[in-house]
Protein chains: 2
Amino acid sequence: MNITTKGRYALKIMIDLAQQGEDQVVSLKAIAQRQDISMKYLEAIAAILHKADYITSIRGKNGGYRLSRKPKDYVLSELLRLTEGSLAPVSCLESGCPNAEGCITQPLWAGLERHMDEYLSKITLQDVLDGTVPG
Amino acid sequence: MNITTKGRYALKIMIDLAQQGEDQVVSLKAIAQRQDISMKYLEAIAAILHKADYITSIRGKNGGYRLSRKPKDYVLSELLRLTEGSLAPVSCLESGCPNAEGCITQPLWAGLERHMDEYLSKITLQDVLDGTVPG
DNA sequence: TGAATTCCTACTAATTTTGTAGTAAAATAC
DNA sequence: GTATTTTACTACAAAATTAGTAGGAATTCA
């Protein structure tokens, strides 16, 4: 039951970008140094965020990234779903398990996923920045 | 973000034992056949359950396992914690991260774990058997 | 032109998950 | 008291996923 480094580092990228100033262009090199993460690995994660248009890239010298939206407009459930692939605690929830009907445990996993989603859907990047993550 | 087969198969063992009748002694061979899971793998998982006294073993011919308690006395959060090791979505919550104080994301992960725990603490094995898992 | 940076593809290493194999020990049935 | 069935234990192995590297092409700025 783990959020991988992919999801955690993605969040760190978003937080770092926000903290440097919303319209500031920040290079991965700078983020890698501040967060003490391999820059090459961050590249791969930034690619995911960029592809989904969560961050905007500026290529070339003095280039880097910045947030595409305001921090309050990023919802944690979506960010994690993007980087982790899914929030489903068991794969049968995702890929349409043929036995889903008769499966006695299915409601349990579905309920767990729903609860996680409900919690994470209430939290925005801004909340994380402010330290006002709801209990 | 996954519950592994270890946790899922452990639950299947518990469900199977309950369904065969509470005082019935059931061999892993029978469970393996019914649930279509390798018996050798089930052995390893049953060992965990046995060690924690979730199930009682009867060795020798006609031996097997049965539940140690009533189904309503098994709480899902505990069962999953036992087999999965932890419900913490990030390892820094478990092993006392030295940077926990200054970590801006810590409240998010802690909140997520608490929500998962709250949900799973309300559900017993009996609920799963009855199909009355709370929404 | 040179330096800094994103972008892209492929590869590799480490870790975890998911098992398997083999054998010992216990209990029962005969 | 022997054969059979079953759990208990230890060690190993295969597969999958996660995490990270390497190298270079394309882009932009100075």
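A note on names: the letters A, B, ... follow the listed sequences, proteins ahead of strands, and every chain is numbered from 1. Predicted model only: the values in this text are computed from it and were never measured. Atom set for the values below is all heavy atoms of this structure, side chains included, hydrogens, waters and symmetry mates excluded.
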Report the distance from atom OG1 of A:Thr105 to atom CG of A:Leu112, rounding to the nearest 0.5 Å.
-> 12.0 Å
Whole-Å distance between [N] [atom2] and [X] [atom1]?
{"X": "B:Ile13", "N": "D:dT7", "atom1": "CD1", "atom2": "P", "value": "10 Å"}
{"X": "A:Ile45", "N": "C:dC8", "atom1": "CD1", "atom2": "C1'", "value": "16 Å"}
{"X": "A:Met39", "N": "C:dT5", "atom1": "CE", "atom2": "P", "value": "8 Å"}
{"X": "A:Leu28", "N": "D:dG20", "atom1": "CG", "atom2": "C1'", "value": "15 Å"}

Side-chain ion pair, A:Arg66 and A:Asp23, N-O less than 4.0 Å | no
For residues 73-93 of chain B, the salt bridge (Lys or Arg N to Asp or Glu O under 4.0 Å) pairs (sequence neighbours left out) are B:Arg81-B:Glu113, B:Arg81-B:Asp117
Nearest to side-chain heavy atoms of [X], which nucleotide of [options]:
{"X": "B:Glu43", "options": "C:dC8, D:dT7, D:dT21", "result": "D:dT7"}
{"X": "B:Ser27", "options": "D:dT6, D:dC9, D:dG23", "result": "D:dT6"}
{"X": "B:Lys29", "options": "D:dT6, C:dT20, D:dG24", "result": "D:dT6"}

Donor/acceptor link under 3.5 angstrom from B:Lys6 side chain onto base of C:dG19 = no
Where do A:Pro71 and A:Thr124 come nearest, in terms of heavy atoms and distance?
-> O-CB, 4.0 Å
Considering just the side-chain nitrogens and oxygens of B:Tyr9, establish if one lies under 4.0 Å of OP1 or OP2 belonging to C:dG19.
-> yes
At under 4.0 Å, does any side-chain N or O of A:Thr4 touch on OP1 or OP2 of D:dT18?
-> no
With sequence neighbours excluded, give me every ring pair (Phe, Tyr, Trp, His ring centres under 6.0 Å) pair touching residues 41-68 of chain A.
-> A:Tyr9-A:Tyr41, A:Tyr54-A:Tyr74
DNA chain D-proximal residues of residues 48-66 of chain A, any heavy atom under 4.0 Å | A:Arg59, A:Gly60, A:Lys61, A:Asn62
Between A:Lys40 and A:Arg8, which has a closest nucleotide on DNA chain D that is more 5'?
-> A:Arg8
Report the C-alpha distance between B:Ile123 and B:Val75 in whole Å, list the side-chain angles of each, state the deciding distance to 0.1 Å, and finish with yes or no for side-chain contact (heavy atoms from CB on, under 4.5 Å).
-> CA-CA 6 Å; B:Ile123 304 175; B:Val75 179; over 6 Å; no
